[in-house]
Amino acid sequence: MKVNVYVTLKPGVLDPQGKAIHHALEGLGFGGVADVRAGRFIELDVADGTSDADLDAMCAKLLANTVIENYRIERP
Amino acid sequence: MKTAVIVFPGSNCDRDMAVALEQVTGKAPAMVWHRESELPDGVDFIALPGGFSYGDYLRSGAMAARSPILRAVSDAAGRGVPVLGVCNGFQVLTEAQLLPGALMRNAGLNFVCRTVPLKVENSQSLFTASYNAGEEISIPVAHHDGNYFADAETLDRIEGEGRVAFRYTDGVNGSARDIAGVLNDTGNVLGMMPHPERAIDRAHGGTDGLRLFEAALGVLA
């Protein structure tokens, strides 16, 4: 079973990489971009029946650093 | 005095750290591989060196913080054994939640590699007792992910508890409140981005780092 995990910086945490991407987009002439935040996408292939609690623990213990990041789990 | 340096795949300051420890204690440290689950008996001081453990995969220090030896390091820290994490070692200690906060990409996105002035904020800790409070010292930094972050409440708490050991005197990497080094709540774990082991010999351009090891290893001149 494929599970998608999206790890994003918490609101309020400065994102220098997002800022640099934003500047680069502007440099390419793309106007109207208000903000860019960069995150991480992780695709897990887990055993069918893996529980929500286990997936949540994977995120909290390793995939995200909850000091600075939020995560969202997307099951098929 | 029995010391240990933890070695991860990708550590690259482990031997510099070993030289510093041997110079001060007269005895070579045990080099402990990350796959070990136990520290040598009777270790009195543990150093987590700089480098790029596990290639900085996922996040700097994230993999190392979950390696078997870190459980032993965490237990030792809980028993009061001094633990020093430098650069990647600091990142590992925050990822292992032995220290508060996180180290993010430098605000300027550049790898910063130069000797920087630091202000000693806390001269009472076992690592910093050889310095005077407010003293300015010079220690090299070399990092890409040294931008210290913690929420305002945590920052207020660690400042209030005197747990900011060192502060940059000018902007180096965007760190919250210019924090360069942080102590744990019991004062026996220190994480810092600057490299004291690179300032232990006059040939390095300065010996301000040596004083940290002399204090921490109990051989104050």
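Note that these values count all heavy atoms, side chains included, but never hydrogens, waters or copies made by symmetry. Protein chains get the first letters and strands the later ones, always in sequence-line order, with residue 1 at the start of each.
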Most chain B-contacting option - heavy-atom pairs closer than 4.5 Å, from A:D15, A:V13, A:L14, A:I42: A:V13

Which bit of B:R66 is near chain A, if near means a heavy-atom gap under 4.5 Å: side chain, backbone, both or neither? side chain

Less than 4.5 Å to any heavy atom of chain A: does that hold for the side chain of B:L58, its backbone, both, or neither? both

Take atom [atom1] of [X] as the centre, draw a 6.0 Å sphere, and report whether it contains more than 12 heavy atoms from other residues, nucleotides or ligands.
X	atom1	value
A:F41	CZ	yes
B:E136	CD	yes
B:R177	CZ	yes
B:F111	CZ	yes

Enter the distance from A:L9:CG to B:M104:CE here, rounded to the nearest 0.5 Å. 4.5 Å

Once you round to the nearest 0.5 Å, how far does CG of A:L62 lie from CD of B:E95? 8.0 Å

Heavy-atom proximity to chain B below 4.5 Å, by part of A:K61: backbone

Chain B contact via A:Q17 - which portion, at a heavy-atom distance below 4.5 Å: both

Where do B:A107 and A:P16 come nearest, in terms of heavy atoms and distance? O-CB, 3.6 Å

Any residues in residues 146-175 of chain B near chain A, with a heavy-atom distance under 4.5 Å, and which are they? B:F149

Residue by residue, which of residues 31-54 of chain B have a heavy atom closer than 4.5 Å to a heavy atom belonging to chain A? none

